[in-house]
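Have a look at the structure below, then the notes.
The analysis underlying the following values was restricted to heavy atoms, covering all of them including side chains, and did not include hydrogens, waters or symmetry mates. In what follows, chains carry the letters A, B, and so on, assigned in the order in which the sequence lines appear, proteins first and then strands, with residues in each chain numbered from 1. Predicted model, so just to flag it, every value in this text is computed and none were measured.
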Amino acid sequence: MPQTATRRRLISLYRHLFQFFGPQHWWPARSPFEVIVGTILTQNTAWTNVEKAIAALRDARLLHPAAIDTIPQEQLARHIRPAGYYNMKAVRLKHFTHFLLTRYGGSVRRMFRGKQLELREELLGISGIGEETADSILLYAGNQPIFVVDAYTRRVLERHELIAAKMSYGEIQRLFMTHLPTDPALFNEYHALLVAVGKTYCRSTPNCKDCPLQYDLPNGSPLLPRP
DNA sequence: TTCCTGTGTA
DNA sequence: TACACCGGAA
């Protein structure tokens with residue numbers, strides 16, 4: 001692990017976020033399978049809406065692979081309606097569930113038994129699971145040490161000039177993973193904290209006033225209300 | 001780049 | 001009324 005200025009800044013950001021927000025307790029769910037359902041439902045969707053959809057699935061006793069595999073797509077879509085993109089997401093849930101049943105006999109535990117990189121490739125092969133969702137599944141359902149990059153991560157790091165706008169998902173992920181210790185609990189908390197600061201402060205229109213990361217801004221001054 | 005879509009908030 | 005929301009496919 002290189003002892004660079006980048007590393008010190010990444011750790012400094014983490015410390016300030018944790019001091020300010022405290023532990024985020026991600027991922028809120030009752031089972032690893034429910035985590036995976038959540039990762040698909042929350043694609044480009046506010047978590048409050050996902051909670052409603054998951055509650056609906058629980059009430060309908062659909063929070064296990066066999067049930068989602070069996071129920072007609074249109075009915076599944078109706079249950080997850082509050083999460084938005086419900087037709088697409090019903091198909092995606094069925095794609096993952098079918099994969100889990102045929103490849104691992106419906107067992108999430110068995111799915112996580114193999115090598116991380118091989119499972120990641122398998123997940124990316126499922127239509128509806130991209131890099132962020134695959135890594136969220138590995139980290140938050142499987143407790144595997146892989147860093148999740150999302151829109152908030154990009155925005156915060158870009159505004160703090162730790163990454164360039166054009167950097168790919170993998171490049172940003174490597175930035176974290178080469179400079180931080182390989183620790184799933186750290187990766188878990190760090191990503192959750194980036195989401196927390198992104199929601200309240202590092203919004204589309206920046207709200208640097210009272211942001212816990214103000215000290216680290218380029219030129220040491222708040223960003224103008226224009227991104 | 002555009003489409004997919006309901007919901008909460010400014 | 002507008003806008004963003006713990007993205008991915010084509």
Side-chain angles (χ1 to χ4, degrees), chain A residues 13-14 17 21 23-29 32 34-57 73-99 120-144 146-159 165-173 176 184 186-207 209-210 225-227:
Chain A
L13 289 188
Y14 176 79
L17 288 172
F21 291 105
Q24 298 298 296
H25 307 296
W26 274 27
W27 191 288
E34 185 180 318
V35 174
I36 297 171
V37 170
T39 63
I40 292 172
L41 292 180
T42 198
Q43 290 169 354
N44 205 34
T45 300
W47 181 250
T48 51
N49 297 348
V50 177
E51 286 181 313
K52 293 180 184 174
I54 292 197
L57 290 176
Q73 190 190 117
E74 297 75 17
Q75 287 184 40
L76 180 58
R78 268 172 241 145
H79 283 101
I80 62 172
R81 199 164 188 272
Y85 307 102
Y86 45 85
N87 288 315
M88 252 180 24
K89 286 175 179 176
V91 173
R92 291 179 180 183
L93 285 177
K94 278 184 158 291
H95 280 160
F96 171 76
T97 300
H98 183 258
F99 160 81
R120 188 176 194 270
E121 289 308 311
E122 287 184 1
L123 291 172
L124 290 175
I126 302 169
S127 177
I129 296 185
E131 291 189 290
E132 182 182 337
T133 305
D135 291 338
S136 294
I137 291 172
L138 289 168
L139 177 63
Y140 289 107
N143 197 35
Q144 297 200 13
I146 192 155
F147 204 91
V148 176
V149 176
D150 70 341
Y152 292 128
T153 311
R154 277 183 182 281
R155 193 191 290 163
V156 173
L157 291 211
E158 201 179 317
R159 286 178 176 168
K166 290 191 170 183
M167 280 174 71
S168 70
Y169 183 99
E171 289 174 318
I172 300 172
Q173 183 176 54
F176 283 96
L186 172 65
F187 292 170
N188 176 324
E189 199 63 48
Y190 206 148
H191 177 254
L193 288 166
L194 285 171
V195 172
V197 77
K199 281 185 167 180
T200 311
Y201 299 103
C202 213
R203 306 173 67 87
S204 179
T205 27
N207 179 21
K209 188 178 183 304
D210 303 323
R226 272 289 302 177

Reference residue A:W26; test ring-ring contact (aromatic ring centres under 6.0 Å, His included); the match among A:F187, A:Y140, A:F21: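 When ring-ring contact (aromatic ring centres under 6.0 Å, His included) is applied between A:W26 and each of A:F187, A:Y140, A:F21, only A:Y140 qualifies.
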N/O (side chain, A:N87) to phosphate O (OP1/OP2, B:dT5) under 4.0 Å: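 Yes, A:N87 has a side-chain N/O under 4.0 Å of OP1/OP2 on B:dT5.
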Hey, is the side chain of A:T45 poking within less than 4.0 Å of OP1 or OP2 on C:dG7, counting only N and O atoms?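 No, because none of the side-chain N or O atoms of A:T45 sits under 4.0 Å from OP1 or OP2 of C:dG7.
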Identify, between A:T48 and A:N44, the residue whose nearest nucleotide on DNA chain B lies closer to the 5' end.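 In this pair, the answer is A:N44.
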If you assign A:P82 and A:R203 each to the DNA chain B nucleotide with the nearest heavy atom, which residue ends up on the more 5' nucleotide?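 Final value for this comparison: A:P82.
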Could you check whether [X] gets within reach of a base, just the sugar-phosphate, or nothing at all, counting any heavy atom under 4.0 Å?
| X | result |
| --- | --- |
| A:K52 | sugar-phosphate |
| A:S136 | nothing |
| A:I126 | sugar-phosphate |
| A:R155 | sugar-phosphate |
| A:Y85 | base |
| A:L194 | nothing |
| A:G130 | sugar-phosphate |

Among A:V149, A:V148, A:L123, A:L124, which residue meets the side chain to side chain contact (heavy atoms under 4.5 Å, CB included) test with A:E131?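 Filter result, single survivor: A:L124.
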In whole Å, I'd like the distance from the [atom1] atom of [X] to the [atom2] atom of [N].
| X | N | atom1 | atom2 | value |
| --- | --- | --- | --- | --- |
| A:I80 | C:dC5 | CD1 | P | 21 Å |
| A:M88 | C:dA10 | CE | C1' | 12 Å |
| A:L124 | C:dG7 | CG | P | 16 Å |
| A:F21 | C:dC6 | CZ | P | 13 Å |

Say you pick atom [atom1] in [N] and the same atom in [M]; how far apart are they, in whole Å?
| N | M | atom1 | result |
| --- | --- | --- | --- |
| B:dC4 | C:dT1 | P | 23 Å |
| B:dT7 | C:dG8 | P | 23 Å |
| B:dT1 | C:dC6 | P | 23 Å |

A:Y86-B:dC4 aromatic stacking (under 5.5 Å, under 30°):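 A:Y86 ring does not meet the centre or angle cut-off for B:dC4; no stack.
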Report the distance from atom OG1 of A:T153 to atom CG of A:L193, rounding to the nearest 0.5 Å.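 These two atoms lie 11.0 Å from each other.
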Looking at CZ of A:R154 and CE of A:M167, how far apart are the two atoms once the value is rounded to the nearest 0.5 Å?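 A:R154 atom CZ to A:M167 atom CE measures 8.5 Å (nearest 0.5 Å).
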Aromatic ring centroids of A:Y190 and A:F147 under 6.0 Å?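 Between A:F147 and A:Y190, which both carry aromatic rings, the centre distance is below 6.0 Å.
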